[in-house]
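Since the structure comes first, as structure tokens, the remarks are kept for the end.
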Amino acid sequence: MRKLAEYIMRGRMQAISVVAIASAIPMMFWLSAAAVSLVLLRRGLNDALGVIVWALLPALVWAYFDDPRPLLGLLGASALAYILRATASWTKALLASVVLGVLFAGVLGVVFAEPLTALAAELNTVMPKVLPELYAQLSSEQQLQLQSLIVPVLTGLMATVLQVLSVLSVIIARYWQAALYNPGGFAQEFQRLRLPAVIVFPLVFGMLFAPGLGIQAVILTPLCSVPLLFTGLAVVHGLVAKHRSGNFWLIGVYVGMVLFTQVMYPFLMVAAVIDSVFDFRGLRSQKNDSDAANGER
């Protein structure tokens, strides 16, 4: 991957070739977004605009054929990279990802309205057969309420996937930037990521109580979990580095995320919440995003 980063930063034509090809290949827009983010992080928005335009052209074609995800992913990652460059704060970038997620949900809900409605109808037919005991315990009103939540839930999950990919694209770009210009800088930066309690608890509130604010507000539940997820990963990385525990534990966490997502996802969010209160890594007296990975600060 370092070789690819070196090629991207070799010149504008090289960067354009990577972002345009990756954007045109199905489900590879995240690589295009990472390349665009690398140029933006290193050289700034003005120099990156010429590259961004070429990345957006294939994405606009995908959007024309009713798939706005490459376009949204590229714009979302570019916005997060711009915020990270301007503020040198992963906290602000992760919070901005929630706002982007809401925008993603709005667009996806309109573009994919028909297939989502059709899928919801199928699920409404199947669920009473798969979960007969649960449905027997619900009143008719509760069953209707449950059925009305399916479309917003599916929309929120689609938006969350896109939100995660946008954040991951910027993480890859930041890692490339550090590898080229400040080796080891990204590890130090990511390990010090910590969300203060004043931010964590509104996110937790959004996860737990947003559905009570209205049917459409249910999309906030997965979207608010994303900053906590990445902060939880930062907690694990920070603790492993602090105690010099080796990569065994990190490998175990990432394998667990693949094999036992339903267990690891909540675990990482809880780790982020507890760390915001008890500060396991002793970061409270430090600037959270100091020693930025860009090699310029």
Side-chain angles (χ1 to χ4, degrees), residues 25-30 59 62-73 76 97-168 203-230 232-233 253-270:
I25 299 175
M27 299 309 297
M28 289 296 291
F29 65 87
W30 60 268
W62 283 111
Y64 178 78
F65 288 103
D66 295 329
D67 187 359
R69 289 173 295 181
L71 179 62
L72 294 175
S97 77
V98 178
V99 178
L100 285 175
V102 174
L103 296 176
F104 292 161
V107 175
L108 295 173
V110 172
V111 175
F112 293 108
E114 291 186 9
L116 286 174
T117 302
L119 179 58
E122 290 291 332
L123 291 175
N124 287 330
T125 303
V126 171
M127 283 197 302
K129 300 176 182 178
V130 176
L131 303 170
E133 296 181 359
L134 174 62
Y135 262 73
Q137 298 174 0
L138 299 177
S139 64
S140 299
E141 183 179 351
Q142 290 174 326
Q143 291 179 12
L144 290 174
Q145 184 177 12
L146 179 61
Q147 292 172 3
S148 67
L149 289 174
I150 293 179
V151 171
V153 167
L154 293 175
T155 304
L157 291 175
M158 289 178 62
T160 301
V161 171
L162 204 52
Q163 178 189 4
V164 170
L165 288 176
S166 298
V167 175
L168 282 176
L203 291 174
V204 173
F205 179 87
M207 289 176 54
L208 298 179
F209 301 109
L213 302 177
I215 293 176
Q216 295 303 320
V218 74
I219 65 170
L220 291 174
T221 296
L223 298 179
C224 288
S225 72
V226 173
L228 297 175
L229 169 66
F230 285 102
L233 287 173
V253 168
Y254 285 103
V255 171
M257 286 186 65
V258 176
L259 300 179
F260 309 103
T261 306
Q262 293 179 335
V263 175
M264 292 303 301
Y265 202 104
F267 166 77
L268 291 171
M269 290 189 291
V270 170

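For the numbers below, each heavy atom of this structure counts, side chains included, while hydrogens, waters and symmetry mates do not. Throughout, numbering of the chain's residues begins at 1 and tracks the sequence.
Using a 4.5 Å cut-off on side-chain heavy atoms (C-beta onward), M207 and L228 make contact. Between F29 and L165 there is a side-chain heavy-atom pair separated by less than 4.5 Å. Counting heavy atoms from C-beta outward, Q216 and T155 have side chains that stay 4.5 Å or more apart.
Under the 3.5 Å distance criterion, the side-chain polar atoms of Q163 are matched with a main-chain donor or acceptor of S97. With hydrogens and angles disregarded, no donor-acceptor distance shorter than 3.5 Å links the side chain of D67 to the backbone of A63.
With P68 as the fixed residue, the side-chain contact (heavy atoms from CB on, under 4.5 Å) test singles out one of L162, V110, V111: V111. The side-chain contact (heavy atoms from CB on, under 4.5 Å) with P152 is formed by just one residue from the set L157, V218, L116; it is V218.
The nearest pair of heavy atoms linking P70 to A59 is C-CB, 4.0 Å. For the residue pair A210 and A217, the shortest heavy atom distance occurs at O-CB, 3.2 Å. In this structure, A159 and G101 approach most closely via the heavy-atom pair CB-O, 3.6 Å.
Considering CG of L108 and CG of L154, their distance stands at 11.5 Å, rounded to 0.5 Å. The CG atom of L233 sits 8.0 Å away from the CE atom of M264 when rounded to the nearest 0.5 Å. Interatomic distance, CZ of R69 versus CZ of F112, reported as 4.5 Å (0.5 Å rounding). The CG atom of L72 lies 9.5 Å from the CG atom of L100; values are rounded to the nearest 0.5 Å. The line from CG of L168 to CH2 of W30 is 9.5 Å long, rounded to the nearest 0.5 Å. Residue C224 holds its SG atom at 13.0 Å from CG of L229, rounded to the nearest 0.5 Å.
Counting heavy atoms of neighbouring residues, nucleotides and ligands inside a 6.0 Å radius, atom CZ of F267 does not exceed 12 of them.
Here F209 pairs with F205 under the ring pair (Phe, Tyr, Trp, His ring centres under 6.0 Å) rule; sequence neighbours left out. With sequence neighbours excluded, the residues satisfying side chain to side chain contact (heavy atoms under 4.5 Å, CB included) with V102 are L220, L223.
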- Item | Intermediate values then yes/no, side-chain contact (heavy atoms from CB on, under 4.5 Å), T160 and F104 | CA-CA 8 Å; T160 301; F104 292 161; over 6 Å; no
- Query: Can F230 and V167 be said to form a side-chain contact (heavy atoms from CB on, under 4.5 Å), step by step?
  - Reply: CA-CA 9 Å; F230 285 102; V167 175; 3.6 Å; yes
